[in-house]
Amino acid sequence: PAEPTIVLRLKFLNDTERLARVHPGDTVGALKRAYFPGQEQQVRLIYQGQLLRDDSQSLTSLHLTHNSVLHCHISQHSPSPAPAGPHASADPVHAALNVGSLMLPLFVLMLAVLWYFQLQYRHVFTATATTFLAGLTLLFSFMAFTMYRR
């Protein structure tokens, strides 16, 4: 029996869309080869906020269903050859330090230090400062839990 086809919506940065008819067992690489011939290395596919890096991953394993939206980014330059060396990354974008991922630990550390000083040097902190610190801690906790609950 023939494998059923599903339709995926390929959405580009300029808000144009293209429909792709694929089999659920196809891989990400096969999708790139079929719909972006000659540009496979420049195409980045994103599904539910996750970059699809593994071209050998099947569409079924990604839980793609009929009418799922894949965001497409096509870079204008061809990728440079991978640098040599044992610790070299094939993708220079991901080799750079991701400062955004350090923000949560940095804020937690800053709040911990402020609470330490508040407990050790109570006489320096006014009631307003303590209230502000408690409010800031609650606000940050709320934001962290809503952003990172998955």
**Student:** Do Leu138 and Ser141 make a side-chain contact, defined as non-hydrogen atoms from C-beta onward lying under 4.5 Å apart?
**Tutor:**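 Of all side-chain heavy-atom pairs linking Ser141 with Leu138, none is under 4.5 Å.
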**Student:** State yes or no: do Leu19 and Leu31 share one hydrophobic cluster built from I, L, V, M, F, W and Y residues joined by side-chain heavy-atom distances below 4.5 Å, directly or via other members?
**Tutor:** no
**Student:** Check whether any side-chain N or O of His66 sits under 3.5 Å from a backbone N or O of Val7 as a donor-acceptor pair, and report yes or no.
**Tutor:**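 Side chain of His66 to backbone of Val7: a pair is present.
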**Student:** Taking the cut-offs as 6.0 angstrom to the six-membered ring centre and 45 degrees off its axis, would you call Arg18 and Phe36 a cation-pi pair?
**Tutor:** yes
**Student:** Contact between Ile46 and Leu70 at the side-chain level, heavy atoms closer than 4.5 Å - yes or no?
**Tutor:** no
**Student:** Between Leu45 and Cys72, what is the shortest heavy-atom contact and its length?
**Tutor:** CD2-SG, 3.5 Å
**Student:** Give a yes or no on whether the backbone of Ala127 and the side-chain of Thr130 come within a donor-acceptor separation of less than 3.5 Å.
**Tutor:**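 Here the side-chain-to-backbone pair does not exist.
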**Student:** Using a 4.5 Å cut-off on heavy atoms from C-beta on, say whether the side chain of Leu51 contacts that of Arg44.
**Tutor:** yes
**Student:** Is any side-chain heavy atom of Gln118 less than 4.5 Å from a side-chain heavy atom of Leu133?
**Tutor:**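 A side-chain contact exists here, since the closest heavy-atom pair is under 4.5 Å.
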**Student:** Rounded to the nearest 0.5 Å, how far apart are CG of Leu114 and CG of Leu136?
**Tutor:**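 Between atom CG of Leu114 and atom CG of Leu136 there are 8.0 Å.
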**Student:** For Val69 and Tyr47, which heavy atoms make the closest approach, and how far apart are they?
**Tutor:** O-CD1, 3.4 Å
**Student:** Using a 4.5 Å cut-off on heavy atoms from C-beta on, say whether the side chain of Tyr35 contacts that of Val22.
**Tutor:** yes
**Student:** To the nearest 0.5 Å, how far apart are CD in Glu17 and CZ in Arg9?
**Tutor:**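 That separation rounds to 4.0 Å.
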**Student:** Give a yes or no on whether Phe140 and Met143 share a hydrophobic cluster (residues Ile, Leu, Val, Met, Phe, Trp, Tyr; joining criterion: side-chain heavy atoms under 4.5 Å apart).
**Tutor:** no
**Student:** Say whether Phe117 and Leu119 are linked into one hydrophobic cluster, either directly or through other cluster members, by side-chain heavy-atom distances under 4.5 angstrom.
**Tutor:** no
**Student:** Which value, rounded to the nearest 0.5 Å, describes the distance between Thr126 atom OG1 and Arg122 atom CZ?
**Tutor:** 13.5 Å
**Student:** For Pro24 versus Pro4, what's the shortest heavy-atom pair and its separation?
**Tutor:** CD-O, 3.0 Å
**Student:** When rounded to the nearest 0.5 angstrom, what distance separates OH in Tyr116 from OH in Tyr121?
**Tutor:** 5.5 Å
**Student:** Mind listing the closest non-hydrogen atom pair of Gly25 and Thr60 along with its distance?
**Tutor:** N-OG1, 3.9 Å
**Student:** Quick check: does any side chain N or O of Arg21 sit under 3.5 Å from a backbone N or O of Leu8, one acting as donor and the other as acceptor?
**Tutor:** no
**Student:** As an exercise, state the distance from OG of Ser68 to NZ of Lys11, rounded to the nearest 0.5 Å.
**Tutor:** 14.0 Å
**Student:** Counting N and O atoms only, with roles assigned by atom type, does the side chain of Thr27 sit under 3.5 Å from a partner on the main chain of Gln57, one being a donor and the other an acceptor?
**Tutor:** no
**Student:** How about Thr131 and Thr128: does a side-chain donor come under 3.5 Å of a side-chain acceptor?
**Tutor:** no
**Student:** Mind checking whether Val28 and Asp55 have side chains closer than 4.5 Å, heavy atoms only?
**Tutor:**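 Sidechains of Asp55 and Val28: in contact.
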**Student:** Is the CZ atom of Phe12 crowded by more than 12 outside heavy atoms at less than 6.0 Å?
**Tutor:**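 Yes, because the 6.0 Å sphere around CZ of Phe12 holds more than 12 heavy atoms from other groups.
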**Student:** How close do Val43 and Lys32 get, counting heavy atoms only, and between which atoms?
**Tutor:** O-NZ, 3.3 Å
